[in-house]
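FYI, the numbering just counts along the sequence from 1. Everything numeric in this text was worked out from a predicted model, so none of it was measured.
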Amino acid sequence: MLHIAPDGLRWAQWVLADEPILLGDRPVAWRISARAHADGLAEWTAYFTTGVPPEAVADFLLALEARPDPAHGYAGPHVVFETLADRSWVRDIDDPAAVSDPQLAAGMALTVLPEDIQDGDPLCLDPAAEPTGWLAWCEPRIGRGFLWAVAFSASTPHDLVAVFAASLASPEPVLRHILPGASEGQLSLRPTV
């Protein structure tokens, strides 16, 4: 399944059945990409596994749709760190490029990306290069596997990653009919009316 924006500059593709890309131990479900020109190649790609909170994916897509220039960003990684710090996420003492929620169940890091993550920057094609991009994950119980994971290729605009981070770290309640088993004791529950 492929959804292409009318201007041809951004698209989202369901790849779960087609491509065996794994982040952690989770299969990638969506690849979302953007390019500068309708006849060009993707400048960047974001990879979302199954289980990623749908509100965070939707907020990322809405921010991408609203951008007049979806392929390029002009903010630095500080916008992601500031967004998460504003929501009480803390930097790792040993790795200042990593940030975790206060319960240490979810995290984001600006780090070297897995080799399957594609980016339009020619420097990322060099096998000797180690492109850095954002990884996000949820692992409610350390060592028991990820509930979900996300990778943003090196050229993904940091302000778009910050929108995803803001949604992910939002304290606002979300409606769930089924809770992930591994999240027991990690979630605040409120009854619905």
Where the side chain of [X] meets the backbone of [Y], is there a donor-acceptor pair that is under 3.5 Å apart?
X      : Y      : result
Asp119 : Trp44  : no
Ser167 : Val163 : no
Ser153 : Thr45  : yes
Thr49  : Trp148 : no
Arg31  : Gln13  : no
Tyr47  : Ala149 : no
Arg91  : Pro96  : yes

Ring pair (Phe, Tyr, Trp, His ring centres under 6.0 Å) between Trp14 and Trp30, intermediate numbers included: CA-CA 5 Å; Trp14 178 261; Trp30 285 101; 5.2 Å; yes
Compare every heavy atom of [Y] with every heavy atom of [X], then report the nearest pair and how far apart it is.
X      : Y      : value
Ala151 : Leu135 : CB-CD2, 3.5 Å
Asp101 : Ala106 : OD1-N, 2.6 Å
Pro77  : Leu110 : CB-CD2, 3.7 Å
Pro102 : Trp89  : CD-CD1, 4.2 Å
Leu113 : Ala154 : CD1-N, 3.7 Å
Val80  : Ala165 : CG1-CB, 4.3 Å

Other cluster members, Trp11 - Ile/Leu/Val/Met/Phe/Trp/Tyr, side-chain contacts below 4.5 Å: Leu2, Ile4
Test applied, ring-ring contact (aromatic ring centres under 6.0 Å, His included); reference residue, Trp134; option that passes from Phe81, Phe164, Phe152: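 Only one of Phe81, Phe164, Phe152 forms a ring-ring contact (aromatic ring centres under 6.0 Å, His included) with Trp134, namely Phe81.
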Approximate separation, where rounding is to 0.5 Å, of Met108 CE and Thr83 OG1: 9.5 Å
Pairwise distance OG1(Thr156) to CD1(Ile117) - rounded to 0.5 angstrom: 9.5 Å
Answer whether the closest heavy-atom distance between the side chains of [X] and [Y] falls below 4.5 Å.
X      : Y      : answer
Glu139 : Leu147 : no
Thr50  : Leu16  : yes
Asp92  : Ser100 : no
Thr111 : Thr132 : no
Val28  : Phe48  : no

Audit row: Leu61, Ile32, side chain to side chain contact (heavy atoms under 4.5 Å, CB included) steps and yes/no: CA-CA 8 Å; Leu61 286 167; Ile32 300 168; 3.5 Å; yes
Residues which pass salt bridge (charged side-chain N to carboxylate O under 4.0 Å, His left out) with Asp86, listed by chain and number, not counting sequence neighbours: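 Checked Asp86 against salt bridge (charged side-chain N to carboxylate O under 4.0 Å, His left out); zero matches.
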By salt bridge (charged side-chain N to carboxylate O under 4.0 Å, His left out) - contacts of Arg26 (at least two apart): none
Side chains of residues 63-76: which donor-acceptor partners sit under 3.5 Å, not counting sequence neighbours?
{"residue": "Arg67", "atom": "NE", "partner": "Asp69", "partner atom": "O", "Å": "3.2"}
{"residue": "Arg67", "atom": "NH1", "partner": "Asp159", "partner atom": "OD1", "Å": "3.0"}
{"residue": "Arg67", "atom": "NH1", "partner": "Asp159", "partner atom": "OD2", "Å": "2.4"}
{"residue": "Arg67", "atom": "NH2", "partner": "Asp69", "partner atom": "O", "Å": "3.3"}
{"residue": "Arg67", "atom": "NH2", "partner": "His72", "partner atom": "O", "Å": "2.2"}
{"residue": "Asp69", "atom": "OD1", "partner": "Ala71", "partner atom": "N", "Å": "3.4"}
{"residue": "Asp69", "atom": "OD1", "partner": "His72", "partner atom": "ND1", "Å": "3.3"}
{"residue": "Asp69", "atom": "OD2", "partner": "His72", "partner atom": "ND1", "Å": "3.4"}
{"residue": "Asp69", "atom": "OD2", "partner": "Tyr74", "partner atom": "OH", "Å": "3.1"}

Within residues 160-169 or reaching into it, pairs that qualify as salt bridge (charged side-chain N to carboxylate O under 4.0 Å, His left out) - sequence neighbours excluded: none
With Asp116 via side-chain contact (heavy atoms from CB on, under 4.5 Å) - residues at least two apart: Ile21
